[in-house]
Amino acid sequence: MTFEIENVSKTFISKGRGETIKALEDINLTIETGKFVCFVGPSGCGKTTLLRLMEGFELPDEGTIKDDGELVTKPSRERGFIFQDYSLFPWLNVLDNVTFGLNIAGRPEEENKERAYKYLDAVGLRDFATKYPHELSGGMKQRVAIIRSIINESKSLLMDEPFSALDVQTKHKLEEQLVNNWRQNDRTVIFVTHDVEEAVFLSDEIVVFSRRPGRIKKVFKNELPRPRNRGDHVFQDFVNEVTEEIDESEDD
Amino acid sequence: MTDIRLYNKLEKLIFPIILIIIWYIICDVLMLIPSYMFPGPVEVVNSFIKLLVTGKLFKDIIDTLYKVLLGLFLAAVVGITFGIILGWSKRLERLCTLIISILRPIPPIAWIPFSILWFGIGTAPAVFIIFMGCVFPILVSTIDGVHRTRGVLIEAAQSFGASNMQMLTEVVLPATVPYIVSGLKVGIGIALMCTISGEMIGSSSGIGYMILTSTSLFDTGSTVVGMLVIGIIGIIFDYIFTKIQERIFW
Ligand SMILES: Nc1ncnc2c1ncn2[C@@H]1O[C@H](COP(=O)(O)OP(=O)(O)OP(=O)(O)O)[C@@H](O)[C@H]1O
Ligand SMILES: [Mg+2]
């Protein structure tokens with residue numbers, strides 16, 4: 001068991017008018033170690049909020065979140081987090097960005113570099129090691145951000161719509177690499193997305209959220225055999241099934 | 001292309017040259033103003049050559065620059081360190097904000113009496129005044145820079161397990177560098193002004209001292225040389241800092 005989320009609620013008070021927004025209400029969810037879990041649901045239903053609570057960036061108003069039995073109270077190096085926005089350090093080049101986590105953990109810098117080159121090789125960015133983030137395309141930046149987290153070999157990886165800004169080809173390629181990397185490790189991945197097809201391609205489980213206040217509407221087990229093919233009938237049927245579930249919650 | 005650029009550069013010179021010609025006609029040709037009131041360009045050039053040959057000008061420039069850079073350096077060390085700490089800790093900032101807002105608007109020259117009382121005459125009082133003049137702009141823009149550090153970068157570092165100290169040195173400080181540099185740029189301008197005023201009152205060397213003492217000897221030419229030298233030093237520093245700012249790409 002990696003994550004145990006019990007009775008979690010979260011309300012925001014918007015700064016201007018003092019209005020309150022109930023982002024999450026009574027969330028109960030258990031995520032087992034090594035699973036690849038996707039969060040899907042309409043915009044504003046609290047997916048990012050729950051992911052941020054799981055990392056420990058913010059604390060729930062009610063309820064508890066445990067990671068391997070320990071209460072989550074602050075961010076941890078055991079939970080890698082990949083942001084929707086670009087989050088590379090603009091003053092560091094690609095190599096130094098990728099080794100950031102290893103370096104501040106006090107690991108030997110030469111080894112860190114070697115390891116970084118291996119990862120950069122895998123995503124075709126070796127030649128960009130000495131470039132700075134502003135010299136990269138959006139897809140390259142996101143690849144760097146992903147390996148910057150993956151390289152730390154944290155127990156789990158929380159990803160907030162990491163591929164949403166990318167073109168379809170790049171996206172499919174990165175999805176494949178992500179799955180391959182995940183299958184070689186015993187790492188739990190939580191992946192937020194708008195794209196149901198992406199969720200079906202990647203996940204073991206799909207958690208569908210309903211709109212405000214954010215609640216878990218349904219949890220789908222995804223037992224399609226891997227490697228998966230987007231063209232398969234069963235694949236598309238499953239996509240439709242999940243999409244319908246989301247659309248229903250969109251209506252009310 | 002290059003023709004236009006060259007023209008643009010030369011264009012800047014047109015007005016100053018006309019001004020010098022008018023100045024020359026009024027003072028040196030028509031002799032409308034006696035030189036003990038204001039020198040003509042010929043006398044200024046003569047004073048310049050004299051100051052250059054005796055080595056006095058060089059010595060005074062070095063003397064003034066030394067004070068400016070020392071004062072600025074001390075102000076930078078204090079301003080950046082406290083700026084990072086106060087910007088990071090909401091609590092400490094709240095505790096200090098009133099003191100800073102009261103001290104900040106006091107013109108650095110107002111510290112001259114105390115600087116003489118505490119440090120006597122010489123380099124130290126001037127450095128103290130420069131310090132008082134520069135430290136607040138540097139402090140305030142550092143604090144501002146810390147506040148503007150993107151939250152996502154701080155959170156990213158947290159998810160890599162950065163300690164508080166690592167957060168300050170590896171994330172907040174580099175993110176704040178552009179703001180620190182603009183604080184330093186404002187600071188150096190103030191430092192120049194402070195140095196000259198400081199040297200005029202509590203000093204026995206430097207360009208400020210030269211400016212003041214030469215008028216009492218009716219050597220108005222040297223006064224103008226001193227004034228122009230300050231202006232030129234200002235331009236050079238401004239150019240250097242502008243170049244540094246251009247090289248910072250975040
Ligand atoms: N810091 C905050 N302050 C105030 N309201 C917030 C804050 N963060 C989120 N909210 C509100 O909480 C609700 C859920 O937001 P959240 O970002 O979790 O949605 P989401 O499911 O990730 O949406 P999207 O798919 O568009 O990214 C929204 O109504 C949002 O306006
Ligand atoms: Mg979101």
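These figures come from a predicted structure and were not determined experimentally. Below, chains carry the letters A, B, ... as their sequence lines are ordered, and counting in each starts from 1.
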Heavy atoms only: give me the nearest Phe89(A)-Leu153(B) pair and the separation to one decimal. CE2-O, 3.6 Å

Take atom CG in Leu13(B); do more than 12 heavy atoms of anything else shown fall under 6.0 Å from it? yes

More than 12 heavy atoms of other residues, nucleotides or ligands under 6.0 Å from NZ of Lys173(A): yes or no? no

Per-residue contact mode, Val171(B) against chain A (heavy atom under 4.5 angstrom): both

Close side-chain approach of Phe83(A) to Glu155(B), heavy-atom, < 4.5 Å: yes

Those residues at least two apart in sequence (or on a different chain) that pass side-chain hydrogen bond (donor to acceptor under 3.5 Å, both in side chains) with Ser156(A) are none

Heavy-atom side-chain proximity of Arg150(B) to Asp85(A) below 4.5 angstrom: yes

Compare every heavy atom of Pro90(A) with every heavy atom of Phe249(B), then report the nearest pair and how far apart it is. CE1-O, 3.2 Å

So what's closer than 4.5 Å to chain B heavy atoms on Arg148(A): side chain, backbone, both or neither? both

With a 4.5 angstrom heavy-atom cut-off, could you sort out which part of Ser76(A) is near chain B: side chain, backbone, both or neither? backbone

Does any N or O in the side chain of Gln166(B) come within less than 3.5 Å of the main-chain N or O of Ile104(A), such that one atom is a donor and the other an acceptor? yes

Most contacts with chain A, counted as non-hydrogen pairs under 4.5 angstrom, among Ala175(B), Gly161(B), Ser159(B): Ser159(B)

Which bit of Ser149(A) is near chain B, if near means a heavy-atom gap under 4.5 Å: side chain, backbone, both or neither? both

Looking at residues at least two apart in the chain, or sitting in another chain, which of them share a ring pair (Phe, Tyr, Trp, His ring centres under 6.0 Å) with Tyr66(B)? none

Tyr132(A) versus chain B, the contacting section by heavy-atom distance below 4.5 Å: side chain

Chain B interface, residue from Phe81(A), Trp91(A), Phe100(A) that has the most non-hydrogen pairs under 4.5 Å: Trp91(A)

Can you see which heavy atom on Arg77(A) is nearest to which on Phe160(B), and at what distance? NH2-O, 3.2 Å

Given heavy-atom pairs under 4.5 angstrom as the criterion, report whether the side chain, backbone, both or neither of Leu102(A) touches chain B. neither

Around Tyr86(A), counting heavy atoms of other residues, nucleotides and ligands shown, do more than 12 lie under 6.0 Å from its OH? yes

In terms of heavy-atom contacts, does CD of Glu11(B) have more than 12 from other residues, nucleotides or ligands at under 6.0 Å? yes

